[in-house]
Amino acid sequence: MNEEQRSLLLESFSRFPPPKGVKLSYGTAGFRADASLLESTVYRVGILAALRSLKTQSVIGLMITASHNKVSDNGVKIADPDGGMMTQRWEPFADALADAWDPYEFLCLIDDFVRKESISFDDDHTAEILLARDTRPSGEALLKAAKQGISCIVGAVSHDLGVLTTPQLHWMVRAKNKGIEATERDYFEQLLNSFRCMVDLIPGGRKTNLNSENLIVDGANGVGGEKLEVLKELCDDLVIDIRNSSKTGGMLNEGVGADFVQKEKVVPCGFGSIDIGMRCASLDGDADRLVYFLVLPHGSKIDLLDGDKILSLFALFIKEQLSVLNEDGHGTTNSHYHGHLGIVQTAYANGASTNYLKNLGLDVALTPTGVKYLHEKAAEYDIGIYFEANGHGTILFRENFLSWLESRKDELLSISKEKHKAALRLLAVSKLINQAVGDALSGLLLVEAILQHMGWSIHMWNKLYVDLPSRQLKVKVVDRTVVVTANAETLVVSPPGIQDTINALMGNYPQGRCFIRPSGTEDVIRVYAEATTQEAADSLANSVAVLVDQLLGFGSMQ
Ligand code: 16G
Ligand code: MG
């Protein structure tokens with residue numbers, strides 16, 4: 001780094017002192033905290049983003065959001081050149097940068113890192129960062145801090161894209177680095193064109209009335225509802241009743257949104273008995289999670305169609321297209337099978353969904369919780385579908401497989417119309433569904449297109465399998481890091497002995513399954529249990545929670 005660079009960094013450092021006594025860490029989804037504590041962190045992430053851009057010689061994204069957390073919180077995370085999460089290799093540097101207190105320590109840290117990573121500050125490559133924020137009131141000021149951080153790397157430029165969903169920003173970063181048009185308009189056009197293409201390919205032609213009930217969407221009082229309004233205006237075919245859009249004045253994530261609906265299993269605000277039996281969906285605060293639900297008669301209870309059920313619908317549809325593509329004309333499968341399909345879940349996936357997918361003959365892999373792990377695994381297949389039960393997920397297509405489909409699609413037409421259509425449908429899915437991260441808007445359009453394709457109502461979709469009753473609990477502990485797990489968090493390896501006791505407890509319940517894991521976002525141990533009845537699932541979860549509390553907690557449970 002030259003003198004000009006050093007003095008720029010030093011001068012700006014003094015304007016953004018870190019908050020006293022707060023140590024932040026770049027967790028599973030970036031830095032998150034009360035918004036009042038974040039200015040200094042966001043400024044430093046601006047620097048981090050500029051360095052990442054120099055290192056990769058590509059455009060980088062910086063998103064200001066705290067997703068489903070309360071409105072007074074905020075957060076910041078980085079999108080890498082391919083639109084995915086920032087490489088885990090840089091997380092320790094992100095932590096050190098955020099926590100540096102002394103200006104010279106700060107400068108040395110950057111200096112050492114720049115040298116270690118061989119980041120060059122030559123004039124040929126300047127840093128370029130796309131910035132966006134969700135609808136939180138603190139977002140605007142934090143975005144300014146990010147710009148300040150970026151501008152203290154010589155030559156770096158930032159483009160403020162204003163209010164976007166998290167997946168929109170990731171999509172734009174990916175598109176920009178591929179040399180594709182990358183405006184918000186392009187995003188909407190790609191989604192809608194591929195959605196229309198899927199609808200046009202529906203067997204027997206377009207049947208707009210197949211889903212006689214309307215779709216009603218809860219926008220979490222956030223950016224997702226706002227963007228869905230735009231999508232609806234651009235497409236006459238989309239008949240959607242949007243509630244809890246950010247413009248209606250409700251509080252972000254307060255009694256609304258995908259996280260609330262999935263965890264509480266009750267209707268969000270703005271929904272009630274008039275919606276009984278209708279097809280309802282809910283987005284989270286930054287629109288990277290999607291769940292569907294049915295309002296049940298009497299009270300506020302719902303039937304939840306979570307990420308596992310969305311995954312199952314997608315898997316069934318993709319498998320059907322691959323089967324058509326690969327059958328040899330005598331009803332059997334071609335020996336040169338094209339398109340290896342893999343499914344990725346976490347231990348939180350309901351056991352009934354995993355059984356359903358395995359019974360379809362699909363390859364199901366488990367990874368630890370956190371999008372980055374699922375995404376990485378899904379990228380190993382020609383088509384990898386991943387979802388967390390909480391509604392975050394997508395479908396990844398390997399480039400080679402897409403090129404193969406593209407090059408063969410016309411030839412397929414002379415062999416069979418059905419094969420040709422199957423190829424076109426797969427290509428349309430690859431354009432509709434976000435290839436960078438889980439995206440509630442594109443996920444919603446894909447669910448809608450597939451339901452129309454199948455001629456299914458939400459009730460029929462819901463009957464694919466019946467969820468096993470489950471219970472999630474959390475236990476406050478002294479130090480959550482003492483719990484070490486293996487096998488995608490299904491086994492506790494340390495402290496020794498706990499797993500044996502959990503195994504013994506599981507043995508008391510038919511189809512009993514239970515695991516514990518340290519949370520990545522809170523100071524707690526999470527407990528998940530499922531069994532054949534709700535009482536059994538509750539009882540298993542409770543007995544394991546008591547065990548954790550006695551061994552590692554404050555002994556307040558009984
Ligand atoms: C973060 C993760 C989410 C995970 C959750 C688990 C991303 C973008 N988000 O929100 O995937 O399910 O953390 O939280 O990776 P926990 O560790 O507190 O249970
Ligand atoms: Mg989110």
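Just follow the structure's listing: the first ligand is 1, and inside any ligand the first atom is 1. Residue indices begin at 1 and follow the sequence shown. Just so it is clear, the structure is predicted and the values come from calculations on it, not from any experiment.
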Salt bridge Arg174-Asp82, side-chain N to carboxylate O under 4.0 Å = no
ask   = Of all the non-hydrogen atoms in the protein, which one sits nearest to atom 7 (C) of ligand 1, and at what distance?
value = Val371 CG2, 3.5 Å
request  = Measure up the Phe387 and Phe314 rings against each other and bin them: parallel (under 30°), tilted (30 to 60°), perpendicular (over 60°).
outcome  = perpendicular
query = Which of the numbered atoms in ligand 1 are below 4.0 angstrom from a heavy atom of Ala29?
reply = 7 (C), 8 (C), 9 (N)
query = Taking 2.8 Å as the cut-off, does an N/O/S atom of Asp288 lie below it from the Mg ion (ligand 2)?
reply = yes
query = Has Lys372 got any heavy atom lying under 4.0 angstrom from an atom of ligand 1?
reply = no
remark   = Residue, atom and distance of the protein heavy atom nearest atom 18 (O) of ligand 1 read Thr521 OG1, 2.4 Å
remark   = Checking distances from the Mg ion (ligand 2), one finds that the N, O or S atom of Asp286 closest to it is OD1
request  = Verify, without hydrogens or angle tests, whether Arg136 (side chain) and Thr65 (backbone) share a donor-acceptor contact under 3.5 angstrom.
outcome  = no
query = Can Glu388 be said to touch ligand 1, with heavy atoms closer than 4.0 Å?
reply = yes
key: Backbone or side-chain N or O of Met85 under 3.5 Å from ligand 1 N or O   = no
note = Closest to atom 1 (C) of ligand 1 among protein heavy atoms sits Thr28 OG1, 3.5 Å
request  = Give the atoms of ligand 1, by number and element, whose distance to some non-hydrogen atom of Thr369 is under 4.0 Å.
outcome  = 4 (C), 6 (C), 12 (O)
ask   = Is Thr65 close enough to the Mg ion (ligand 2) to have an N, O or S atom under 2.8 Å?
value = no
request  = Take the angle between the ring planes of Phe31 and Tyr26 and call it parallel below 30°, perpendicular above 60°, tilted in between.
outcome  = perpendicular
request  = Give a yes/no verdict on a cation-pi contact between Lys309 and Tyr465, requiring under 6.0 Å between NZ or CZ and the six-membered ring centre and an angle within 45° of the axis.
outcome  = yes
query = Atom CG of Leu445 and atom CD1 of Ile433: how far apart are they, to the nearest 0.5 Å?
reply = 9.0 Å
ask   = Should we count NZ of Lys70 as having more than 12 external heavy atoms under 6.0 Å?
value = no
task = Could you tell me whether some N/O pair between Arg517 and ligand 1 is separated by less than 3.5 angstrom?
result = yes
note = Ranked by distance from atom 19 (O) of ligand 1, the top protein heavy atom is Arg526 NE, 2.6 Å
ask   = Any nitrogen or oxygen of Asn390, main chain or side chain, under 3.5 Å from a nitrogen or oxygen of ligand 1?
value = yes
request  = Kindly say whether Ala287 contributes a backbone atom to a donor-acceptor pair with the side chain of Asp284 at under 3.5 angstrom?
outcome  = yes
Within 6.0 Å of NZ in Lys144, more than 12 heavy atoms from elsewhere = no
task = Output the atom name for the N/O/S atom of Asp284 with the smallest distance to the Mg ion (ligand 2).
result = OD2
request  = Give the residue, atom name and distance (to 0.1 Å) of the protein heavy atom nearest atom 17 (O) of ligand 1.
outcome  = Gly520 N, 2.6 Å
Candidate pair Thr369 and Arg517, rule side-chain contact (heavy atoms from CB on, under 4.5 Å), full reasoning = CA-CA 9 Å; Thr369 303; Arg517 56 174 281 275; 3.4 Å; yes
query = So which protein heavy atom does atom 10 (O) of ligand 1 come closest to, and at what separation?
reply = Arg289 NH2, 3.8 Å
request  = Just do the side-chain contact (heavy atoms from CB on, under 4.5 Å) check on Gln345 and Glu388 with the steps written out, would you?
outcome  = CA-CA 6 Å; Gln345 301 187 301; Glu388 290 192 314; over 6 Å; no
inquiry  = Counting only nitrogen or oxygen atoms and a 3.5 angstrom limit, does Lys77 reach ligand 1?
reply    = no
